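In what follows, a single structure is set out as structure tokens and then discussed.
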2 protein chains.
Amino acid sequence: MPGLVHVVDDDDSFRTAIARRLKLAGYDVATYASAQDLLDAAPDDARPACILLDVRIPGLSGPDLQTRLIASGSTLPIIFLTGHADTPTTVQAIKAGAEDFLTKPISSEQLIDAIERALARHDTARAQRGRLESFRAHLATLTQRERQVFDLIVRGRINKQIAHELGTSERTVKAHRHQVMDKMQVHSLAELVSIAERLGIIDANDR
Amino acid sequence: MPGLVHVVDDDDSFRTAIARRLKLAGYDVATYASAQDLLDAAPDDARPACILLDVRIPGLSGPDLQTRLIASGSTLPIIFLTGHADTPTTVQAIKAGAEDFLTKPISSEQLIDAIERALARHDTARAQRGRLESFRAHLATLTQRERQVFDLIVRGRINKQIAHELGTSERTVKAHRHQVMDKMQVHSLAELVSIAERLGIIDANDR
DNA sequence: TCTGATATTGTCCTTTGGGGCAGTCACATC
DNA sequence: GATGTGACTGCCCCAAAGGACAATATCAGA
């Protein structure tokens, strides 16, 4: 499946021109006249895609849209494109994770380079997010008690200590522990700790 | 201890002027006429510090110096300062991890804001690096065999499997395992896995 | 009121991990 | 040749974890 490029620009003639160039290069293209149009379309993360975004557009600005998308949890990489770049905006956009910041006019070669990088990054980001999402989903099925036990397990406590800290018996902890391993779909403590670490559950300074 | 600002700029009058302003603001200042001068001085990571760096200087350019410093493992945050900013350079510098990219003339307020951010980031980066360095140092004391056992332990293998994979006995694995726990100075499998995860030793797709 | 989810606990047994004690073997260094 | 280090291993014992089977208690809903 070809990559999908979401083009957001208020200039009709620019949109059609860039869309033609990108389609020629083998990409699927979706165009939007405003940031709000793209938000309304709610592009999915399901396929390799990126956003080609003008900085100065009526209504929500490019950076505004970037902020909204990040807040909504999107991992779509953004390539900014602008006629006139000012340094603070550039710095801010890149710091916020934009894939690139290009100035018009732009050569097809440069543009396609940037798009390829963006699509590649989206791929890895999606894969990574997919794994984490799956872990988080499992984690969400834990009951309160199971979650407490989970937290103590991955911090290296033994059942006896956990039982004491939770004011219950060692046998009960074993039962919860079993549930945790089952629900998280892991077969070893090592896997469980790996996952907890990747989800940022383990504080570096708590031992 | 006040923050230390390394100022790299080939313009004598600018260096002295900026040094005066920074000292007034309560910082320690070291000045360098060229990138090479700073490399020769080999500033240490031991105290809160940052680099205020002109992009265009004779010899090694600002971005060149940035590349060298990153390659050498420095965690000193870099604030670029330039008379004329071009977009590709700005993008590249920020992507490479520069703390900020400012244009001359710069207000003291903006400058000090940037320096404060840089110093704060340096602090956390140093703390984090310190912890990792300590883990790495412990890891380096493991013998080949212990390291093999370590790798298998943190991937969730049980002693029996490790013994089989290494073609040795379970008792021997236990002995190595003991050495590993001892040398890494941890008291639980969970801690060991945490460390391995933070050092990037566990591949996400190996289970 | 009956049901399902959650939390709790017991007994019994097996597997796994941890470690003391003791000893062999190879290899390098002094 | 003595010494030291790393790798290897057996026997024995204890602690911790895992799981089978069984059971009680609470509470929210249907």
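Residue numbers start from 1 in every chain, and the chains themselves are labelled A, B, ... in the order their sequence lines are given, proteins ahead of strands. Everything numeric here is computed off the predicted structure, so don't read it as measured data.
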Any donor-acceptor pair under 3.5 Å from A/Glu146 side chain to A/Thr143 backbone: yes

Five-pair end axes of the helix from C/dT1-D/dA30 to C/dC30-D/dG1, angle between them (10°): 30°

Short side-chain donor-acceptor distance under 3.5 Å, A/Asp64 and A/Thr67: no

Measure the distance from CD on A/Gln144 to P on D/dC27 and round it to the nearest whole Å. 14 Å

Could you tell me if B/Gln144 and B/Arg147 have a donor-acceptor pair between their side chains, going purely by distance under 3.5 Å? no

Once you round it to whole Å, what is the distance between P of C/dG17 and CG of B/Leu189? 9 Å

B/Ser169 side chain to B/Thr172 side chain, donor-acceptor N/O pair below 3.5 angstrom: yes

Phosphate contact (D/dG18 OP1 or OP2) by A/His187 side-chain N/O below 4.0 Å: no

Ranking B/Met181 and A/Lys174 by the position along DNA chain C of their nearest nucleotide, the one closer to 5' is A/Lys174

Tell me: CD1 of B/Ile158 to P of C/dG18, nearest whole Å? 12 Å

side-chain N/O A/Asn159 vs D/dA16 OP1/OP2, d < 4.0 Å: no

Value in whole Å for how far the C1' atom of D/dT5 lies from NZ of B/Lys183: 10 Å

Could you tell me the separation between the CZ atom of A/Arg177 and the P atom of D/dG19, rounded to a whole number of Å? 10 Å

Using a heavy-atom cut-off of 4.0 Å across all strands, would you classify A/Thr143 as base, sugar-phosphate, or nothing? sugar-phosphate

Check this for me, if you would: do A/Arg126 and A/Asp45 make a salt bridge, where the nitrogen-to-carboxylate-oxygen distance has to be below 4.0 angstrom? no

Can you see whether B/Phe150 has B/Lys183 sitting over its ring - NZ or CZ less than 6.0 Å from the centre and within 45° of the normal? no

Over how many whole Å does the gap from B/Glu146 atom CD to D/dC8 atom C1' extend? 13 Å

C/dT16 phosphate, OP1 or OP2, under 4.0 Å from B/Lys160 side-chain N/O: yes

Tell me whether the side-chain N/O atoms of A/Thr172 come closer than 4.0 Å to OP1 or OP2 in C/dA7. no

Side-chain-base donor-acceptor pair under 3.5 Å for A/Arg171 and C/dT11: yes

When rounded to whole Å, the CD to C1' distance for the pair B/Gln179 and C/dG17 reads 16 Å

Would you say B/Ser169 places a side-chain N or O within less than 4.0 Å of OP1 or OP2 belonging to D/dT9? yes

Could you give the NE2-to-C1' distance, from A/His176 to C/dT9, as a whole number of Å? 11 Å

Are side-chain N/O atoms of A/Gln148 and A/Arg145 paired as donor and acceptor at under 3.5 Å? yes

Phosphate OP1/OP2 of C/dG19: any B/His178 side-chain N/O under 4.0 Å: yes

